[in-house]
Protein chains: 2
Amino acid sequence: MPTRKLEKVVSLHDIRVACLECSLNEICLPVGVDADDIEQLDAIIDRKRPLPRGDHLFRAGDAFKSIFAVRAGSLKTYATSQSGQEQVMGFHLPGELVGLDAIARNAHPLSARALETTSVCEIPFTDLEELSMQLPGLQRELLRVMSREIHDDEQNMVILGQKSAEERLAAFLIGLSNRFHRRGFSASQFNLSMSRGDIGDYLGLALETVSRLFTRFQNDGLLRVDRKHIELLNRDRLCLFSGARCHQHQAETAKSSRSN
Amino acid sequence: MPTRKLEKVVSLHDIRVACLECSLNEICLPVGVDADDIEQLDAIIDRKRPLPRGDHLFRAGDAFKSIFAVRAGSLKTYATSQSGQEQVMGFHLPGELVGLDAIARNAHPLSARALETTSVCEIPFTDLEELSMQLPGLQRELLRVMSREIHDDEQNMVILGQKSAEERLAAFLIGLSNRFHRRGFSASQFNLSMSRGDIGDYLGLALETVSRLFTRFQNDGLLRVDRKHIELLNRDRLCLFSGARCHQHQAETAKSSRSN
DNA sequence: ATGCAGGCTTGATCTGGGTCAATGCCGGAA
DNA sequence: TTCCGGCATTGACCCAGATCAAGCCTGCAT
């Protein structure tokens, strides 16, 4: 059946887009790897078919074999405490790596679950480790990515440790906006792929609080919410509310200080 | 030359103890590096003279040149929000690395300050990066250490995101106890090098709350406090209070699941 | 179309822990 | 020895946000 073959060679989200042709290669692991060397990286990467919403990419306790890069869609990673309550550690957008926390213990400490239909690249870790011995650019970038992850987690600790509910949600929205923007999407308008409950579990708030804050922000004219859709009407004021020197997303756009 | 060798073999806290003779080499970066190769690692390391209590090793915003390993004493790393309030990210004991969060941005996002007289090994990062291209064991360990840091930060996010004050302090004490124990000190009795305020800033609590909890734990017979000195009287019950499956420090001792 | 389930909103109430304030204690300087 | 400054403890009060409890919307399955 030729039809079967045809099915595969299509859209932007084709399962087999090589790193070189991938629209994310300026954001993802290949950053800083020589174009000539990207093929080698490409060769060890395994493209999986899309994960339907709600499916797990891995679960806490699973043996560690690979790290994953999100290609399309989004994931959440989370820990479940014995009280049953989830702590969401992160929401992961295209171009971001998940599973870096598993290297040390050879097992995944967190579970990862698709928030929508999501495809990922699987990168077997032993191969990656070997390859990065040969490609200085790759080793560099790997260390950088891990360092950035540490830094991001620290930011989250600040948020959880000392910000008010209002500040938390504002910071969360600004952060999301920045990340979408860097990926070429609108900074002022986007869809949340996660539920209010997930946001609460991420920010250390009850989902009711999250909900109330959305309506309050809306009443204050900061944004407009419609279910999952968010439109930021006054980004600057929202920044103020977040109680943090916000990286102006202007600066982000200009890539002034970013990578390298 | 036997003389050169002799120079090196002195007191435990001698400024110039080489990695090979350092009592921490089973805990610190050299883990997993071949004994033959440790000399090379040793060669790039710069031993500084001790930092007096209260001095900064680096400050937020400083250019990133090196990572540091604590040799003796202890440090806290912290961010200061514009409200002036500190968020303490970690307390660092001998054998632990600090500064890993600076790699990505080429600048330190946090400040690091000595909690007591503290000596550190300075490891220039470019040298380290280069060397780890040659020594697979070193690259491996570096990735592992960073991964562990990510994992630890995630644990802290759980603590800050969903634990009660009581659970936080209990978890903190158990964690400290484990870390002391791994370094060969008593697990049931130790001195805190940080103030109540620091503990509060670490756990996201007011110092008054920390103080109250100490006295409450003492009244409950869980521990004895005398200023900086802590004696854990009922580790198991304290574990329960922490609301986490506590790694029994037995297991820790046996090194059952630890590294490699 | 109808019903149902899962998610969201909104209101009412309660409480853990923050804040403010006073007092106590220890250790170092003179 | 005394004084002083930085921590630590303890008490009284209060509020942000959790919890409990309806009710609601929307999209899917029958």
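Computed from a predicted structure; not experimentally measured. Each chain gets a letter, A, B and so on, in the order its sequence line appears, and its residues count up from 1. Just so it is clear, the values below take in all heavy atoms, side chains as well, and ignore hydrogens, waters and symmetry mates.
Residue pairs meeting the salt bridge (charged side-chain N to carboxylate O under 4.0 Å, His left out) criterion with at least one partner in residues 184-197 of chain A, sequence neighbours excluded, do not occur; the list is empty.
The shortest non-hydrogen separation linking A:P94 to A:G73 is CD-O, 3.3 Å. Residues A:Y78 and A:H56 share a closest heavy-atom pair of OH-NE2, 2.6 Å. Taking each heavy atom of B:L24 and B:G95 in turn, the nearest pair found is CD1-N, 3.7 Å.
Proximity of a side-chain donor or acceptor of A:R168 to a complementary backbone N or O of A:K163 within less than 3.5 Å is detected. Between the side chain of A:K76 and the main chain of A:A114, no donor-acceptor pair closer than 3.5 Å is present. B:T80 places no side-chain N or O within 3.5 Å of a backbone atom of B:G84 that could act as its donor or acceptor partner. Using modelled atom types, one side-chain atom of B:D62 and one backbone atom of B:R59 make a donor-acceptor pair closer than 3.5 Å. Side chain of B:Q189 to backbone of B:S186: no donor-acceptor contact under 3.5 angstrom is found.
A heavy-atom distance below 4.0 Å to DNA chain D is reached by none of the residues of residues 158-166 of chain B. DNA chain C is contacted by B:G204, B:L205, B:A206 of residues 193-207 of chain B, taking any non-hydrogen atom closer than 4.0 Å. Applying a 4.0 Å cut-off to non-hydrogen atoms, the residues of residues 208-223 of chain A that approach DNA chain D are A:E208, A:T209, A:R212, listed by residue number.
A donor-acceptor pair shorter than 3.5 Å can be found between the side chains of A:E116 and A:S74. In this structure, a donor-acceptor pair under 3.5 Å is absent between the side chains of A:R235 and A:S188. A donor atom on one side chain and an acceptor atom on the other are not found under 3.5 Å apart for B:E167 and B:S242.
When the side-chain nitrogen and oxygen atoms of B:K228 are compared with OP1 and OP2 of D:dA8, one or more of them lie within a distance under 4.0 Å.
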Polar atom pairs (N or O), protein with nucleotides 22-28 of chain C, under 3.5 Å:
none

Close N or O pairs between protein and nucleotides 3-5 of chain C (under 3.5 Å):
none

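Scanning for ring pair (Phe, Tyr, Trp, His ring centres under 6.0 Å) contacts around A:F190 gives A:F180, with sequence neighbours left out. The side chain to side chain contact (heavy atoms under 4.5 Å, CB included) search around A:S195 returns A:D198, A:K228, not counting sequence neighbours. In this structure, B:H151 has no ring pair (Phe, Tyr, Trp, His ring centres under 6.0 Å) partners at least two apart in sequence or on a different chain. Qualifying side chain to side chain contact (heavy atoms under 4.5 Å, CB included) partners for A:A102, counting only residues two or more places apart in sequence or in other chains: A:F64, A:H108, A:P109.
For the pair A:L169 CG and D:dA16 P, the computed distance is 17 Å after rounding to whole Å. Here D:dT26 presents its P atom at 16 Å from NE2 of A:H229, a figure rounded to the nearest Å.
Each end of the helix from C:dA1-D:dT30 to C:dA30-D:dT1 gets its own axis from five base pairs, and the two axes differ in direction by 40°, given to 10 degrees.
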Distance-only donor-acceptor hits, side chain of residues 209-218 of chain A, under 3.5 Å, sequence neighbours excluded:
unit_1: A:T215; atom_1: OG1; unit_2: A:R212; atom_2: O; d: 2.8
unit_1: A:R216; atom_1: NH2; unit_2: A:E166; atom_2: OE1; d: 2.3
unit_1: A:Q218; atom_1: OE1; unit_2: A:V225; atom_2: N; d: 2.8

ask   = Hey, mind stepping through B:R224 and B:L233 against side chain to side chain contact (heavy atoms under 4.5 Å, CB included) and telling me if it holds?
value = CA-CA 7 Å; B:R224 197 170 307 148; B:L233 298 176; 4.0 Å; yes

